[in-house]
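Here is the structure we will look at, set down as structure tokens.
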Amino acid sequence: IEIFPKTVVCLNLMDEAKLRNITIDVKKLEKILGVPVVAVSAKQNKGLKNILEKVDLLTSKKFIPSPIKIDYPEPITKAIDNIVPVLKNILNEKISPGFIALKLLEEDYEFIKSVENNLSVNITSNQELTELVNSERNKLLDIGLDSERIKDRVVSHIYLTSEKICNQTISFGTDKYRMRQLKIDKI
């Protein structure tokens, strides 16, 4: 979602969730994520048509995605926000400039090269962008955030956001049922 906002989230194995007395509020999840969400049971061939309908909504612009924004630590967010305007001119809406800014701060050049090759954009040879990324990275280094610590903080915030979303959209059956199911699952 963060990379390509025009995304349809497919929740598969809904039949298994039902067996385990797990309920997912698909409408609420869709609202929180800001992209279409479809509940599917592929094994039973249920909900597959709905995927195509949601894709059609996106491509016909009847559903304008407004994807959830992960709240990263303030210094990282500030660095991303400073880099995004330059990236917007380079990427031409092919991929999220915020995500690419994050990958540049993390020094994930393998990913950046892949984006350059697959989307025919030129990121790493842009002098203005290189100087800006180096400047922002130095500011982060000054407060103890090297590329590895940036990655750690980003993953932590993604995990916390995911946990919060799960707590808001997923409910489980009775504790008695869950305990029995956990015992069965261990076998």
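What you see is a predicted model, and the numbers here were worked out from it, not measured in a lab. Heavy atoms only: backbone and side chains are in, while hydrogens, waters and symmetry mates are out. Residues take their numbers from the sequence shown, with the count starting at 1.
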Given the rule that I, L, V, M, F, W and Y join up when any side-chain heavy atoms are under 4.5 Å apart, are V86 and I95 in one cluster?
yes

Side chains of S60 and D56 only: does a donor on one sit below 3.5 Å from an acceptor on the other?
no

Give a yes or no on whether K151 atom NZ has more than 12 heavy-atom contacts from other residues, nucleotides or ligands under 6.0 Å away.
yes

Locate the shortest heavy-atom distance separating P5 from P65; write the atom from each residue and the value.
O-CB, 3.4 Å

Any chance you could measure K46, atom NZ, to N12, atom CG, to the nearest 0.5 Å?
13.0 Å

T130 OG1 to Q127 CD distance, which is reported to the nearest 0.5 Å
5.5 Å

Rounded to the nearest 0.5 Å, what separates atom CD1 in I123 from atom CZ in F111?
8.5 Å

pair L104-L129: side-chain heavy atoms closer than 4.5 Å:
yes

If you round to the nearest 0.5 Å, how far is NZ of K18 from CE of M14?
10.0 Å

Between T59 (side chain) and V55 (backbone), is there a donor-acceptor pair under 3.5 Å?
yes

Considering only NZ, NE, NH1 and NH2 on the basic side and carboxylate oxygens on the acidic side, decide whether R20 and E16 come within less than 4.0 Å.
yes

Check the pair L11, V40 against side chain to side chain contact (heavy atoms under 4.5 Å, CB included), reporting the backbone distance first and the verdict last.
CA-CA 6 Å; L11 301 175; V40 173; over 6 Å; no

Taking only Lys NZ, Arg NE, NH1 and NH2, and the carboxylate oxygens of Asp or Glu, determine whether E110 and K113 approach each other closer than 4.0 Å.
no

To the nearest 0.5 Å, what is the distance between CD1 (I100) and CG (L119)?
8.0 Å

We want to know whether N122 and S125 form a side-chain donor-acceptor pair, criterion being a heavy-atom distance below 3.5 angstrom.
yes

R137 side chain near V133 side chain, heavy-atom distance below 4.5 Å
yes

Check whether Y109 and I150 end up in the same hydrophobic cluster, where Ile, Leu, Val, Met, Phe, Trp and Tyr are linked by side-chain heavy atoms less than 4.5 Å apart.
yes

For P97 and L87, the nearest pair of non-hydrogen atoms, with its separation, is O-CD1, 3.3 Å

Note, K78 side chain near D81 side chain (heavy atom, < 4.5 Å)
no

Check whether any side-chain N or O of N92 sits under 3.5 Å from a backbone N or O of K94 as a donor-acceptor pair, and report yes or no.
no

With the side chain counted from C-beta on, respond yes when I80 and F99 share a heavy-atom pair under 4.5 Å apart, and no when they do not.
no

Any idea which heavy atoms bring A101 and V84 closest together, and the distance?
CB-CG2, 4.5 Å

I need the minimum non-hydrogen distance between L105 and A79, along with the two atoms involved.
CD1-CB, 3.7 Å

For the hydrophobic clusters of this structure (ILVMFWY residues joined by side-chain heavy atoms under 4.5 Å, transitively), does one cluster hold both I51 and F4?
no

If you look only at distance, which donor and acceptor atoms sit under 3.5 Å apart when one is on a side chain in residues 24-38 and the other is two or more places apart or in another chain?
residue, atom, partner, partner atom, Å
D25, OD1, K27, N, 3.4
D25, OD1, K28, N, 3.0
K28, NZ, Q168, O, 3.4
E30, OE1, V37, N, 2.8
E30, OE1, K54, NZ, 3.0

Same cluster or not: I70 versus V9, using hydrophobic residues (I, L, V, M, F, W, Y) connected whenever any side-chain heavy atoms lie under 4.5 Å apart?
no

Worked verdict on Y72 versus I158 for side chain to side chain contact (heavy atoms under 4.5 Å, CB included)
CA-CA 8 Å; Y72 298 120; I158 291 170; 4.0 Å; yes

Quick one: does D15's side chain get under 4.5 Å of K43's, heavy atoms only?
yes

Is there a path of hydrophobic side-chain contacts, each under 4.5 Å between heavy atoms of I/L/V/M/F/W/Y residues, joining L48 to L52?
no

Please tell me if the side chains of K49 and E53 come closer than 4.5 Å, counting only heavy atoms from C-beta onward.
yes

Within the 4.5 Å heavy-atom criterion, are L102 and E106 side-chain neighbours or not?
yes

Is it true that E93 and K88 have a side-chain N and a carboxylate O under 4.0 angstrom from each other?
no

Decide salt bridge (Lys or Arg N to Asp or Glu O under 4.0 Å) for E2 and K69; before the verdict, give the C-alpha distance in whole Å, the side-chain angles of both, and the deciding distance to 0.1 Å.
CA-CA 7 Å; E2 193 171 15; K69 189 168 178 356; over 6 Å; no

Using a cut-off of 6.0 Å, state whether more than 12 heavy atoms not belonging to D71 lie near its atom CG.
no

Enter the distance from T77:OG1 to H157:NE2 here, rounded to the nearest 0.5 Å.
8.0 Å

